[in-house]
Amino acid sequence: MSHRSIFHIQEPRFKNRDELLDFLRGAGMLLVLTHHSDLPGNYGQWILAFHMPFMFLLSGYTMYLRPHPDRFTDFVVGRFQRLILPYFFFEGLNLFVWSASLYLQGGWQDVTEAITAILACLNTDGYTGYYGRLWFWPCMFVSDIYFYWILRLAPRNTKARSGFLLAMIPVMFGLSWMTCRVVPFRLPFTADTAFMATAFLLIGYLLGDQFTWLIHKKHPIADILLLASSLLIMYWAVITGEPAFMMFINYYGHYGYTLCAAFSGILACTVLIKYLYQILLHTNLPKSTVLWYSYHSLGIFPVHLSIKIFIYQMFPVSYRTWYILFPSMFLLSIPLVNLITEYFPFMLGKITFYPRKKSNS
């Protein structure tokens with residue numbers, strides 16, 4: 001491996017990849033950073049209303065473009081390596097820092113409850129770590145498994161298959177509502193939150209042709225009408241229902257208004273990012289930065305949160321403002337994630353469990 005500066009953002013262009021899709025994902029990660037920068041007032045609520053459903057829908061669209069492996073073993077091992085290994089590595093690192101800091105303050109700490117919380121991916125009264133569980137990775141893993149078996153159980157006939165997948169979307173939303181409103185406790189390893197995530201995976205997958213038309217075809221009048229109507233619906237839904245799309249605790253506020261805000265927010269965000277990509281198409285630094293955030297989204301997720309908590313613990317309360325938090329997370333994530341990617345790739349699940357079969361092609 002050739003070692004590059006940890007401050008680089010120039011990445012090799014990948015063949016057979018949709019750069020606009022990568023740009024959408026990178027912009028989505030920047031929305032995550034923006035929301036976590038503690039925007040004043042209720043501005044963060046507008047991003048919260050759709051940013052995680054947007055990321056799951058993009059994952060579903062990616063699965064539409066790149067079919068799953070046929071064998072469940074290959075699929076689950078690959079997803080475990082990409083999602084669950086980083087979860088345990090970073091949670092283990094957080095646990096070490098947490099226990100070491102408590103030890104320096106007053107002696108040995110029993111970490112049994114902490115380990116149980118990590119294994120179950122649940123916050124407990126005795127252990128929430130520094131910012132709760134790194135829930136997104138387990139949720140992606142579990143929802144991918146749900147999604148895999150839905151595809152496997154779907155009929156082979158094209159029309160019947162589409163009808164089955166379409167019917168599974170309200171089923172997933174229904175299970176999400178039930179575990180949010182009826183079940184009085186959280187399910188381990190985000191099994192409850194994953195129902196909502198699976199619904200958006202299915203939407204991205206099932207509406208792949210329509211999403212391709214939306215992001216790749218030039219139709220400015222339709223885009224303007226779609227953007228205006230989406231923003232109006234989102235404004236109505238947020239103001240009327242005060243939706244709280246807090247997937248990390250399986251809580252969704254008023255369910256109907258929340259879904260309206262999520263769908264309309266996704267559409268408006270997609271149209272805006274599409275035109276931003278066209279504006280930045282022939283630029284170097286801005287476009288490369290957004291793409292870097294897409295290619296390294298796995299590492300950015302825990303790193304930017306660690307930067308935020310570091311600022312919370314080491315600096316006065318006056319530093320807990322969006323105009324300090326966002327640029328700090330935005331700028332410091334680049335060298336830190338590059339450092340991990342270059343020198344500690346195992347933290348991101350880059351470990352070979354068994355030799356891969358070589359392709360004859």
Side-chain angles (χ1 to χ4, degrees), residues 13-32 34-35 46-67 158-159 161-163 165-166 168-170 173 197 199-239 243 245 256-295 297:
R13 293 294 177 258
F14 300 100
K15 292 183 178 180
N16 302 320
R17 282 184 70 120
D18 187 340
E19 187 176 83
L20 178 52
L21 176 58
D22 287 327
F23 191 89
L24 286 165
R25 186 181 292 108
M29 282 306 304
L30 289 173
L31 283 174
V32 173
T34 304
H35 173 253
W46 295 87
I47 299 176
L48 185 65
F50 71 89
H51 76 313
M52 293 315 301
F54 177 64
M55 298 299 287
F56 282 106
L57 184 141
L58 290 179
S59 295
Y61 179 64
T62 302
M63 295 174 188
Y64 159 80
L65 297 175
R66 302 165 194 162
T158 302
K159 188 174 182 179
R161 182 179 181 84
S162 297
L165 296 179
L166 183 63
M168 289 305 299
I169 294 174
F173 280 134
F200 283 99
L201 287 175
L202 284 167
I203 293 170
Y205 180 86
L206 190 60
L207 301 181
D209 290 340
Q210 291 76 13
F211 196 75
T212 298
W213 176 86
L214 176 62
I215 65 176
H216 286 298
K217 301 296 182 181
K218 294 183 178 180
H219 31 71
I221 295 178
D223 284 336
I224 292 173
L225 293 175
L226 181 61
L227 178 62
S229 58
S230 297
L231 289 175
L232 285 174
I233 293 173
M234 184 180 180
Y235 176 81
W236 165 78
V238 172
I239 295 299
F245 218 121
Y257 290 119
T258 295
L259 290 182
C260 286
F263 289 131
S264 57
I266 288 172
L267 288 173
C269 180
T270 301
V271 172
L272 289 173
I273 295 174
K274 177 178 75 170
Y275 282 97
L276 177 62
Y277 173 76
Q278 294 177 5
I279 293 171
L280 300 179
L281 183 60
H282 300 295
T283 66
N284 185 18
L285 183 62
K287 187 181 78 168
S288 296
T289 302
V290 178
L291 291 175
W292 182 92
Y293 268 87
S294 173
Y295 301 147
S297 57

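Just so it is clear, the values below take in all heavy atoms, side chains as well, and ignore hydrogens, waters and symmetry mates.
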Do the non-hydrogen side-chain atoms of Y295 and R17 ever get within less than 4.5 Å of each other?
yes
Spell out, as yes or no, whether a donor-acceptor pair under 3.5 Å connects the side chain of K274 to the backbone of L214.
yes
Between atom CG of L48 and atom OG1 of T34, what is the distance when rounded to the nearest 0.5 Å?
13.0 Å
Run through F200, F50, F54 and flag the one making a ring pair (Phe, Tyr, Trp, His ring centres under 6.0 Å) with F263.
F200
Would you mind reporting whether V290 and D22 have side-chain heavy atoms less than 4.5 Å apart?
no
Within a strict 4.5 Å, meaning less than it, do heavy atoms of the F23 and L276 side chains meet?
yes
One should read off an interatomic distance between S294 OG and L21 CG, to the nearest 0.5 angstrom, of 7.0 Å
Atom pair SG (C260) and CH2 (W236), whose distance is rounded to the nearest 0.5 Å:
5.0 Å
If we ignore angles and hydrogens, is there a donor and acceptor under 3.5 Å between the side chains of R25 and S59?
no
Please answer whether the main-chain N or O of L30 pairs with a side-chain N or O of H51 as donor and acceptor at a distance below 3.5 Å.
no
Residue pair L57 / F211, side-chain heavy-atom distance below 4.5 Å:
yes
Is there a side-chain contact (heavy atoms from CB on, under 4.5 Å) between M52 and F245 once you walk through the steps?
CA-CA 8 Å; M52 293 315 301; F245 218 121; 5.8 Å; no
Report the distance from atom CG of L65 to atom OG1 of T212, rounding to the nearest 0.5 Å.
6.0 Å
With sequence neighbours excluded, residues passing side chain to side chain contact (heavy atoms under 4.5 Å, CB included) with K159:
N157
Is there a side-chain contact (heavy atoms from CB on, under 4.5 Å) between M55 and L31 once you walk through the steps?
CA-CA 10 Å; M55 298 299 287; L31 283 174; over 6 Å; no
Measure the CG-SG distance between L24 and C269 for me, rounded to the nearest 0.5 Å.
7.5 Å
Within a reach of under 6.0 Å around OH of Y275, are more than 12 heavy atoms found that belong to other residues, nucleotides or ligands?
yes
How long is the straight-line distance from CE of M63 back to CG of L206, given to the nearest 0.5 Å?
14.0 Å
With under 30° as parallel and over 60° as perpendicular, where do the rings of Y61 and Y64 fit, or are they tilted in between?
parallel
I'd like to know if the side chain of S230 reaches the main chain of L227, judged simply by a donor and an acceptor atom lying under 3.5 Å from each other, with no hydrogens or angles considered.
no
Determine whether T283 and L280 make a side-chain contact, defined as any pair of heavy atoms from C-beta on separated by less than 4.5 Å.
yes
In L267, I273, L272, I266, the residue satisfying side-chain contact (heavy atoms from CB on, under 4.5 Å) with T270 is I266
What is the minimum heavy-atom distance between L285 and T289, and which atoms define it?
O-OG1, 2.7 Å
S297 side-chain N/O to Y293 backbone N/O, donor-acceptor pair under 3.5 Å
no
